[in-house]
Protein chains: 2
Amino acid sequence: MTDHEVLSVWRELSARHAAIVSDLERELQDRHELGVSEFEVLDRLVEGVCLSADGKFRVQELAAGVHLSQSALSRLIARLEKAGLVLRSMCADDRRGVFVTLTDAGRIRHSEALPTQRRVLRDHLAATPQG
Amino acid sequence: MTDHEVLSVWRELSARHAAIVSDLERELQDRHELGVSEFEVLDRLVEGVCLSADGKFRVQELAAGVHLSQSALSRLIARLEKAGLVLRSMCADDRRGVFVTLTDAGRIRHSEALPTQRRVLRDHLAATPQG
DNA sequence: ATGCATTCAATGCACAAGCATTTAATGCGT
DNA sequence: ACGCATTAAATGCTTGTGCATTGAATGCAT
């Protein structure tokens, strides 16, 4: 693979990412008052509920999958809590840790936003050569 | 293509983009005191020099290709000018417009940073399935 | 020529992100 | 038991970004 090819792949990747994020941001914000990262975190929490019995998450566990710094994630969760979409609670076994759980409002908001996200992603990705 | 497949492609794309940008940012900053977007703009200017006789660019022309808002681009160019890497000059035929031109320092800085960028991109993209 | 909508770029403002630091809790070695 | 390095999460601070607005220049219609 030549440098020129690598560069062209990178530009394609970058352009596609920018276009999708831009669309997602606008649609999620306009229709559901959610940023892309906010939705992403809710999404992980919903997925997690299916996997773990209690539906609790350490903040740190959320960091994987959402591409944000620790501080950004901390503030993002604070925003979600303020909006009533998640709850933060101490965890008993390690009192440094914080559990994050979805509220009913959070579950509802996510389920409302999910079709929007799916639609935007499908519009961009469904019928393309490299997916 | 199922929703699940679309989602998985999106996560792959997103993760790859985040990893590359993060690496690029660190390497370009540490070695050359350039952000990713700053380098990208210099890169476009260098390419443009090859194509146009005078090497002048309207700010607006730069916007295409660099995925930034008009205001972000305006400030970015201001930063580059302050760093001595580009010059801004009025254009005579339409005095609303601004020409941006590389300085020698800008050309040098770009040529120093180019191998770093190429290396990072190659490390991430060279030997992968979908490129 | 005049008025008015349009375009280019810069700027005020609000906000989100990262880095570095802080606070609190844990665990390990002695 | 005590000190010390380590870890989890929050916070102060700086910076970059986008939206909306502004200021200036253009062009088009009348």
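Reminder, nothing fancy here: chain letters follow the sequence lines and each chain counts from 1.
- The main-chain N or O of B:H32 is found under 3.5 Å from a side-chain atom of B:R109 such that the two form a donor-acceptor pair.
- Counting heavy-atom neighbours within 6.0 Å of A:E33 CD, excluding the residue itself, gives a total of 12 or less.
- Rounded to an integer number of Å, the gap from B:E38 CD to D:dG16 P is 7 Å.
- Each of B:L87 and B:L34 belongs to its own hydrophobic cluster when Ile, Leu, Val, Met, Phe, Trp and Tyr are linked at side-chain heavy-atom distances under 4.5 angstrom.
- Annotation: side-chain hydrogen bond (donor to acceptor under 3.5 Å, both in side chains) contacts of A:R31 (sequence neighbours excluded): A:E27.
- When hydrophobic clusters are built by joining Ile, Leu, Val, Met, Phe, Trp and Tyr residues whose side-chain heavy atoms come closer than 4.5 Å, directly or via intermediates, A:V41 is not grouped with A:I108.
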Using a 4.0 Å heavy-atom cut-off to protein, can you give one letter per nucleotide of nucleotides 7-15 of chain D, 5' to 3': B if the base is in contact, S if only the sugar-phosphate is, - if neither? BSBBBBB--

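- Not a single donor-acceptor pair under 3.5 Å links the side chain of A:R95 to the backbone N or O of A:M90.
- With rounding to the nearest 0.5 angstrom, the CD atom of B:Q29 is 13.5 Å from the CZ atom of B:F39.
- Along DNA chain C, the stretch of nucleotides lying under 4.0 Å from any heavy atom of chain B spans, 5' to 3', C:dT7 to C:dC13.
- If you take CG on A:L7 and CG on A:D3, they are separated by 8.0 Å, rounding to the nearest 0.5 Å.
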